[in-house]
Enquirer: 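Just dropping this structure here.
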Amino acid sequence: MSHKLKRWMAVGTACFGLIVCGVFVFNREHPSAVSLIPIGHLSGKLPLEREVEAVRQPLQPTGDAAADAQTVLESLQQLADTTQSFRVRQTRHYTGEISGFAPIPSLIAGLRPNQLVLRYENWVGGLVFVSDGDRFRVNREHDLDESLSGSQRYYLEGAAPDSLDTVLRHIDQLSLSPPTHAFPELELMALLPFTDNVAEFLGSRGWGTVKWMGREDIEGRRTEHLVCSGRVCRLKAGGGSDSSREAKPADPASEPDENKLHLWIDADGPALLRKASLSDFAMTYTDWALNPVLPDKAFELPSSHGYQQIAFEFPEGGSWIGRQAPELQMQTLSGQSQQLTDYRGKVVVLDFWATWCGPCLRELPVVAEVVDEFLDQDVRLLAVTSESDVKKIHATLDRIDVNVEAVLDTNQQSSAFGVASIPHLVVIDRQGDIQAVHVGFTSGLQESLREELARLTQ
């Protein structure tokens, strides 16, 4: 072998070694989202702890859209009451104007009361949430644009939530910004049958008024189609084998499409989610396992090495009720500074709203009317907005013909009250403790608020 050939071989070997080292270093600095957590122990057919008995009667439409919807929700609640653990695979599909985006897989498994693993990834990164029963950790990884170096890698950890229901109720507080929230809300809908109260949870997310819409065939299964208004929810559920009765659908035109949550729920056996959609997103659910035996390794916390920590703790008991209200710096429309503690000794109703929010503009006059009944008992309504266009706020209030004390959230503090969607109502007693929370313009709000204020002013 010539000296020249040997020299070229040496150079080639050195270059190859540099490439291998470079790939190794790059992968250490930019781990794939897929590496966030292994899921092999959650794959395939899992042994069952016990079978779920599902004796369900086909829905017989009564002509009362709300009552028929409640029947479907009750079937979900029955499943929740008979299930201790579960596993499901999910795939998010993009529809509408963003239909060209690639589908996104995720996996979620849970063991009551409070062990949970959620693995979610997309084309720019991924996240994993794990609660082992004592502690929880969320790892979020977001790859930056090619023009930027590195990736954004964050984690949250703290005491484990007391229940799966707590996780659902505080999705939006688990923020790993920048650039996105930790929890994709649609993925968490898999937990819906395992919340403490299905109907109450939908209401807490703003989807509180449920109506039956009629029957549809979804992926070869006959389904019941429901719609919830407020923030608006559509719920679709399997309908059994009786097709002798055809019903006219309810009118969903009261809310814009982007506010509607659609769910398709199987009726042939347990009331399992098969599909969900929200605006431009659609989710399919496959590979369900109910009451599987989940190994301890499934709930091992992911490593936090190389991730930047962000502080978070679940509210004690999973609820804002009974907690001291955070301080809130405000400014009146005339420019005067105020803070929430200035109202100590009065019952305060905080209504977080915006001029562009349709449900807010329907809810605000209703809330104002109820509060007016208690003005002589030191009850005050503060309509809190994060907007700064005072002229627009005045014009909007004039247009809906409501006279309220509107204030500006000058320091953008609404998140301290758990505000993730609006309208969001917080009722605070004379001692400054939160006594009630209402999310969305839901049915029965007027009566509930009146009862709460009557109790707090006795």
Enquirer: Do T83 side-chain atoms and S85 backbone N/O form a donor-acceptor pair below 3.5 Å?
Expert: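 Between the backbone of S85 and the side chain of T83 there is no qualifying donor-acceptor contact (under 3.5 Å).
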Enquirer: Check whether any side-chain N or O of R137 sits under 3.5 Å from a backbone N or O of G158 as a donor-acceptor pair, and report yes or no.
Expert: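 Not a single qualifying donor-acceptor pair exists.
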Enquirer: Which heavy-atom pair separates P302 from V128 by the least distance, and what is that distance?
Expert: CG-CG1, 3.9 Å
Enquirer: Just verifying a value: how many Å separate H225 NE2 and D68 CG, rounded to the nearest 0.5 Å?
Expert: 13.5 Å
Enquirer: Is any side-chain N of the basic residue among R323 and D433 closer than 4.0 Å to the acidic one's carboxylate O?
Expert: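 Answer for the salt bridge query: no.
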Enquirer: Where does the angle between the aromatic ring planes of F352 and H424 fall among parallel (under 30°), tilted (30 to 60°) and perpendicular (over 60°)?
Expert: perpendicular
Enquirer: Does R274 make a cation-pi contact with Y285, if we ask for NZ or CZ under 6.0 Å from the ring centre and within 45° of the axis?
Expert: no
Enquirer: Please answer whether the main-chain N or O of D287 pairs with a side-chain N or O of R87 as donor and acceptor at a distance below 3.5 Å.
Expert: yes
Enquirer: Within a radius of less than 6.0 Å around CD of E327, do more than 12 heavy atoms belonging to other residues, nucleotides or ligands occur?
Expert: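 Yes, CD of E327 has more than 12 neighbouring heavy atoms, counting only those of other groups under 6.0 Å.
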Enquirer: Relative to the ring of F136, is the ring of F129 parallel (under 30°), tilted (30 to 60°) or perpendicular (over 60°)?
Expert: parallel
Enquirer: Check M330 against V407 and note the closest heavy-atom contact, atom names and distance.
Expert: SD-CG2, 3.7 Å
Enquirer: Any side-chain donor paired with an acceptor under 3.5 Å for S304 and E157?
Expert: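 E157 and S304 do not have a side-chain donor-acceptor pair below 3.5 Å.
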Enquirer: Please lay out, stage by stage, how W353 and L361 fare under the test side-chain contact (heavy atoms from CB on, under 4.5 Å).
Expert: CA-CA 8 Å; W353 72 292; L361 303 185; 3.9 Å; yes
Enquirer: Are the side chains of L425 and L350 in contact, using a 4.5 Å heavy-atom criterion?
Expert: no
Enquirer: For D132 and F299, indicate whether the former's side chain and the latter's backbone hold a donor-acceptor pair under 3.5 Å.
Expert: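 Checked: no pair found.
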Enquirer: Does the side-chain contact (heavy atoms from CB on, under 4.5 Å) test come out yes or no for V367 and E363, once each step is laid out?
Expert: CA-CA 6 Å; V367 174; E363 182 228 42; 3.8 Å; yes
Enquirer: Which heavy atom of R430 sits nearest to which heavy atom of L456, and what is that distance?
Expert: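 Heavy atoms of R430 and L456 come nearest at NE-O, 4.0 Å.
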Enquirer: Go through it in stages, so that I can follow the logic: the residues are I104 and T91, the test is side-chain contact (heavy atoms from CB on, under 4.5 Å), and I'd like the CA-CA distance, side-chain angles, deciding distance and then a yes or no.
Expert: CA-CA 5 Å; I104 296 175; T91 304; over 6 Å; no
Enquirer: State, to 0.1 Å, how close N114 and G133 come at their nearest heavy-atom pair, and which atoms those are.
Expert: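 Closest pair (atom of N114, atom of G133, distance): ND2-O, 3.1 Å.
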Enquirer: Should P47 and P292 count as side-chain neighbours, where that means a heavy-atom distance under 4.5 Å?
Expert: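 The answer is no; the side chains never approach within 4.5 Å.
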Enquirer: What are the two closest non-hydrogen atoms of R135 and A159, and how far apart are they?
Expert: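 Answer, listing the atom of R135 first, then A159: NH1-N, 3.3 Å.
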Enquirer: Take atom CD in E51; do more than 12 heavy atoms of anything else shown fall under 6.0 Å from it?
Expert: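 No, not enclosed.
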Enquirer: Would H93 and T284 count as a side-chain contact (heavy atoms from CB on, under 4.5 Å) if you check the C-alpha gap in whole Å, the side-chain angles of each, and the deciding distance to 0.1 Å?
Expert: CA-CA 8 Å; H93 306 272; T284 56; 3.3 Å; yes
Enquirer: Between V130 and L301, which heavy-atom pair has the shortest distance, and what is it?
Expert: O-CD2, 3.5 Å
Enquirer: So, does S75 use its side chain to make a donor-acceptor pair with the main chain of V72 at under 3.5 Å?
Expert: yes
Enquirer: Side-chain contact test, heavy atoms from C-beta onward, threshold under 4.5 Å: evaluate it for P423 versus L364 and give yes or no.
Expert: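 A side-chain contact under 4.5 Å is absent here.
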Enquirer: Taking side chain as C-beta onward, heavy atoms only, is Q435 less than 4.5 Å from R455?
Expert: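 In contact.
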